[in-house]
Amino acid sequence: MGILEVKDVNKNFGGLKALSNVNLSVAENSVHAIIGPNGAGKSTLLNCLVGKLIPDTGSVMFDGQSVLGRKPHEINQMGISRVFQTPEIFGDLTVFENVMIPCFAKRDGEFRLHAVEGMMNEAEIVEEAERMLIDVNMIDKRHAHSASLSRGDKRRLEMAMCLVQQPKLLLLDEPTAGMARADTNNTIDLLKEIRDKRDITMAIIEHDMHVVFSLAERITVLAQGTPLVEDVPENIKGHPKVQEAYLGEAA
Amino acid sequence: MFGLNKKDSTLLLIVAGLVLLAPFLLNPFPEGSAMAQFNAGYPDLMQRFVIFGIFAIGFNILFGLTGYLSFGHAAFLGVGSYAAMWMFKLFGMNVLPALALSILMSGLFAVVIGYVSLRRSGIYFSILTLAFAMMSYALAYSVLAADMDGPDQQGLLQKGLTGGETGLQLTLDDPRILGQQTAGDGNLPVPSLFGLEMRSASELNVGDWVFTFSAGYYFSAIVMLLSFYLSIRIFRSPFGLVLRSIKSNQQRLSYTGMNPKPYMLAAFVISGMYAGLAGGLMAAMDPLAGPERMFWTASGEVVLMTILGGVGTLIGPVLGAGAIKYMENILSKINSDILHSWFAFLPDGLEDFVVTLIYPFIGKGWHLTLGIIFMLVVIFLPGGLVEGGQRIARAMRRKKQTASDDDTKAKQPAE
């Protein structure tokens, strides 16, 4: 029984079958990659996991509880954090403030009216945020305006914002999309470090095979809304069905 | 100090100093001189400065921090005024319970209006708040002004809850169960703070200068300083940080485990209560409340004040409120005779020409001046008057630095 169990999920947009009978099980403390060609339904599946979309049928269980019908912030409070395809950070705030917000969310829950307490009384939060920034090597940029960061640093910051919540499951939506080779390799190193240092489960949606094969312990291949195969990376590489899905029938 | 860092404490002290010394600072010209009409140090106008300052400070908590532009904040101003008036009519002339009811009632209104309006964002939110404010205006103007006493009776509700077009006024028949029904001299009693009448004032004559110290102004000023202090605390609190993150990226916030809705509603209600407090103070300074206080132009004015001063800055809204109220009251008083007397030194033809040129911008035309200044600020100083101040300060610092650099260069021994 995995930490995340997706059973018989179907999702239609009008006449388009985005997901049909998707079953997926992500084991605790593993790195699970979901790959597939464009339009395979990877992002739709991810959106069903975080509460942005609700599947037409089927169930999504996380840690023994259903996530269906819950709002994104409720699902986050259950222990799922999400990294977006383009880094979503608070661009108007400083790097340090960006990391403080998830610290508050973790401590105070979805709402708390702490309207007159000064930040000087929040030593624990400040310390926690500082430790996180040291972990991701961004402490020297703590006062920088986060919109002015490079793309790689924005990704790093977003990752820090997710990790500081100590989520049980980290969902990554194409974490290296649109990155230069060097940035991609940095991100891979960062993710490896996270995997080795922390008790965390990761589910990665990725296009880049280099990233997938350097990180994943298990891989699910999606094509046209259905899972084709699920196996360890060594067996996926040469799998005929996978080559067919990626290269077309003729190959 | 008071849980603020050094920079914020300094700002608070400067504002406190300016506000408390305002009767001197705003009266720089001696009485009877040609420039005396630019004096703004009379109680009526100074009260307006601080009261609209409170209104704008509260508006800025919503607009400046969360970026949600409410176009109906005057509704809360009106609700606050009516609530204070009813307190004066029913219980007595003490201003403290009146202000308490103003804040409470506007808070309740804000919960209802905010709950509905915050279902949408952006322009739709603005339109919803505008619609609510105009409905409140229509209610106050006609529906709630109908005779609710019954046709044969001449009671409290003869002119309804709001008094309609003429507004809600005090009468000698009001019960005022906890205070006096009439003042000692048989006239209407006036709002007071435990016996200190709001309209009482003392004058100080120094040479040609006359400085007026009004109880009403100092009371409003202290309330304004408290509101300003509270707004600094809100800006610097974790709650303020979350509000700024809503403005920055609401999607990220909800994927970070926080529910933006209650935060928005709390900000909306807090800023509505500030508006109610301002409305209550207006009624306390001049016990009369009319529906025009809720009209959309009043809502637009506070938007202008905040943007002119600097959205999202602490002191900006207060500056903006001061600037607009100063223009409204001083520019509008200049007429063509005054212009002629200013330019009398010019040859006749030229004098008329200059007066004709300037005339559209004064008197009733002060809105034209306001519009031009507003446009210039928005185009060249998007951060408002505060940004202007910062730029000047930076330029001065740079000048100083280059000067000191020159000094050190000069002191270096020649090789």
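Within every chain, numbering begins at 1; the chains are lettered A, B, ... in the order of the sequence lines, protein sequences first and strands thereafter. Computed from a prediction, not measured in an experiment: that's the story for all the values here.
Judged by distance alone, the side chain of Asn76(A) and the main-chain N or O of Tyr255(B) form a donor-acceptor pair under 3.5 Å. For the pair Glu97(A) (side chain) and Leu241(B) (backbone), a donor-acceptor distance under 3.5 Å is absent.
Note: Ser248(B) leads Ala266(B), Ala267(B), Ser248(B) in heavy-atom pairs under 4.5 Å with chain A. Between chain A and the options Pro238(B), Pro262(B), Pro260(B), Gly240(B), the largest number of non-hydrogen pairs under 4.5 Å is found for Pro238(B). Ranked by non-hydrogen atom pairs under 4.5 Å with chain A, the options Lys247(B), Gln250(B), Arg244(B) are led by Arg244(B). The candidate with the highest count of non-hydrogen atom pairs below 4.5 Å against chain B, out of Glu74(A), Glu158(A), Met78(A), is Glu158(A). Looking only at heavy-atom pairs under 4.5 Å with chain A, the residue among Leu230(B), Leu243(B), Asn259(B) that has the most is Asn259(B).
Summarising the geometry, atom CD belonging to Glu110(A) is positioned 11.0 Å from atom CG belonging to Leu253(B); distances are rounded to the nearest 0.5 Å. The distance from the CZ atom of Phe104(A) to the CE atom of Met258(B) is 7.5 Å, given to the nearest 0.5 Å. In this structure, the separation between OG1 on Thr256(B) and CE on Met161(A) is 5.0 Å, given to the nearest 0.5 Å. Remark: Ile75(A) CD1 to Ser254(B) OG distance equals 10.5 Å, nearest 0.5 Å.
Around the NZ atom of Lys106(A), the shell of radius 6.0 Å holds more than 12 heavy atoms that belong to other residues, nucleotides or ligands. Shown here is Arg107(A), whose CZ atom has more than 12 heavy atoms of other residues, nucleotides or ligands within 6.0 Å. The environment of CD1 in Ile123(B) is sparse: at most 12 heavy-atom neighbours from other residues, nucleotides or ligands sit within 6.0 Å. When the shell of 6.0 Å around CG of Asp140(A) is examined, it contains more than 12 heavy atoms from other residues, nucleotides or ligands.
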Does the side chain to side chain contact (heavy atoms under 4.5 Å, CB included) test come out yes or no for Ser237(B) and Val116(A), once each step is laid out?
-> CA-CA 6 Å; Ser237(B) 70; Val116(A) 289; 5.9 Å; no
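Ionic pairing of Arg233(B) and Glu117(A) is not present here: no N-O contact between side-chain nitrogen and carboxylate oxygen is shorter than 4.0 angstrom.
Listed in order of number, the residues of residues 95-117 of chain B that approach chain A to under 4.5 Å between heavy atoms amount to none. Chain B is approached within less than 4.5 Å, heavy atom to heavy atom, by Arg82(A), Val83(A), Phe84(A), Glu88(A), Ile89(A), Phe90(A), Gly91(A), Asp92(A) from residues 82-92 of chain A, ordered by number.
With a threshold of 4.5 angstrom between heavy atoms, Gln251(B) approaches chain A through side-chain atoms but not through N, CA, C or O. Both the backbone and the side chain of Lys52(A) come within contact range of chain B, judged by heavy atoms closer than 4.5 Å.
Closest approach of Arg112(A) and Tyr263(B) over heavy atoms only: N-OH, 3.2 Å.
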